[in-house]
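In what follows, a structure is listed as structure tokens, so that the remarks can point back to it.
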Amino acid sequence: MAAALLANVLYSTGFVLEKRALAGLPEVSVRRPVRLLRMVLGSPLWIAGSAALAAGFGAQLVVYRTLPIAAAQGIFVSGLVLLVLLSARLLGERTTGRERYALGTILPALLMVVLSLDRGSDTVGRDAPYPLVLLVCVPSLWAGVALYRAAERRARHRHRPPATGVEYGVAVGLLYGVSSLAVKGVSGYLGAGHGPLGAVTGVLRSPYPYLLLFTGAFGLVMSQAALQRCRASLVVPVCTTVTCLFTAVLGTLTFGEALPHDPLRLSLRIAGTALAVAVLLTMPKHHEEPRDALGAEELTPP
């Protein structure tokens, strides 16, 4: 749990630093990935954000070796609260009342998942059949890229209301969900008694490093464009929610991790997941001005 909370701090800090760096750069586009990489690699602030995300990746490896997938995702979701606070403080982003109510469901969802844990009976899956991994991951990658392209096409229509970033968040969340499963797969080879050489050989023979390369490249380009166009306090929570749900549900099935047998713990685990789904469903699809901003404009004399 300590590693999971540390990963939350690192991921939230990394996303906020990248968002702040992107605000000072020219508009980036997924159609010109080389130009995008050249611009962001020239920003020390963006590099610092990426270093924080990389450190979060290392903490995530530790988490997946010690906690079941579903339980780990419930704790990762708690990072949304920190992200919203950092976005408001460092980026000046304000959330609407509807968004605050939606994000407020994260805390009881986290509490339910934590209460459902039982170190004595929870099992941690170490491996999964490769055909099953590809059956889950390949269609998800296609769906994420297709959804992102559809969101880009709709964003080019001038007469549509400005998008909040929900569609971008869902698309990137699917890619990061696949990446999370790949991280889980790699963690199974670490400390499994194969030795350093055996672990490296086993990882290279698996689909996990190649899934990480694909999701890393496409996820990087797609997430940077989404962060520059939309609020981090909305894009990242949606992305995180989709990633956590994807990993908790499909990861549990893929790696053969059993759900709690105790009816109370099982109910808490399911209810926590249902609350996380509610967060995603209640997010507004188009931009809304915060209520306090509207009130200030209405009270200003002409």
Side-chain angles (χ1 to χ4, degrees), residues 1-23 25 36-37 39-69 71-87 89-91 106 110 124 169 172-173 175-191 196 199-200 203 208-224 226-228 232-233 235-244 246-248 251:
M1 288 185 62
L5 294 175
L6 176 61
N8 284 344
V9 173
L10 292 170
Y11 279 135
S12 297
T13 303
F15 278 122
V16 169
L17 290 177
E18 285 189 350
K19 170 67 176 180
R20 189 156 188 171
L22 289 166
L25 297 178
L36 184 153
L37 290 175
M39 287 193 300
V40 297
L41 290 177
S43 169
L45 189 60
W46 187 90
I47 293 176
S50 297
L53 293 177
F57 173 84
Q60 192 178 23
L61 282 173
V62 177
V63 174
Y64 281 148
R65 288 182 58 191
T66 55
L67 283 179
I69 292 177
Q73 300 314 306
I75 299 174
F76 286 147
V77 171
S78 67
L80 300 183
V81 178
L82 176 61
L83 175 76
V84 172
L85 294 176
L86 290 177
S87 298
R89 181 69 176 174
L90 301 178
L91 303 176
I106 293 301
L110 168 64
V124 179
V172 178
L175 264 69
Y176 284 167
V178 171
S179 178
S180 189
L181 289 188
V183 173
K184 169 67 177 176
V186 171
S187 71
Y189 286 94
L190 303 179
V200 171
V203 169
Y208 303 127
Y210 313 105
L211 291 173
L212 285 173
L213 285 174
F214 183 92
T215 56
F218 279 81
L220 172 65
V221 175
M222 291 164 58
S223 63
Q224 299 313 300
L227 279 175
Q228 191 180 59
S233 57
V235 173
V236 178
V238 172
C239 173
T240 303
T241 303
V242 173
T243 299
C244 289
F246 179 96
T247 309

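Quick caveat, the model's predicted, so the values are computed rather than measured. Scope of the values below: all heavy atoms of this structure, side chains included, with no hydrogens, waters or symmetry mates.
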Rounded to the nearest 0.5 Å, what separates atom CG in Leu175 from atom OG in Ser180?
12.5 Å

Nearest heavy atoms of Thr215 and Ser179, plus distance in Å:
OG1-CB, 3.4 Å

Once you round to the nearest 0.5 Å, how far does CD of Gln60 lie from CG of Leu53?
11.0 Å

For residues Gly49 and Leu17, report the shortest heavy-atom separation together with the two atoms involved.
CA-CB, 3.7 Å

Decide yes or no on side chain to side chain contact (heavy atoms under 4.5 Å, CB included) for Val178 and Phe246, but give the supporting numbers first.
CA-CA 8 Å; Val178 171; Phe246 179 96; 4.0 Å; yes

Candidate pair Lys184 and Thr247, rule side chain to side chain contact (heavy atoms under 4.5 Å, CB included), full reasoning:
CA-CA 9 Å; Lys184 169 67 177 176; Thr247 309; over 6 Å; no

Verdict with supporting geometry, Val186 and Leu212, side chain to side chain contact (heavy atoms under 4.5 Å, CB included)
CA-CA 10 Å; Val186 171; Leu212 285 173; 4.1 Å; yes

For Ile47 and Leu41, which heavy atoms make the closest approach, and how far apart are they?
CD1-O, 3.3 Å

Check Ser223 against Tyr176 and note the closest heavy-atom contact, atom names and distance.
OG-OH, 3.4 Å

Leu37 vs Leu220, side chain to side chain contact (heavy atoms under 4.5 Å, CB included): CA-CA, chis, key distance, verdict
CA-CA 9 Å; Leu37 290 175; Leu220 172 65; 3.4 Å; yes

Taking all atoms of both residues into account, what is the closest heavy-atom pair of Ala21 and Leu45, and its distance?
N-CD2, 3.8 Å

Among residues at least two apart in sequence or on other chains, which ones pass side-chain hydrogen bond (donor to acceptor under 3.5 Å, both in side chains) with Tyr208?
none

To the closest 0.5 Å, what do you measure between CD (Gln224) and CE (Met39)?
10.0 Å

To the nearest 0.5 Å, atom CG of Leu22 lies from atom CZ of Phe15 at 11.5 Å

What are the two closest non-hydrogen atoms of Ala182 and Leu211, and how far apart are they?
CB-CB, 4.2 Å

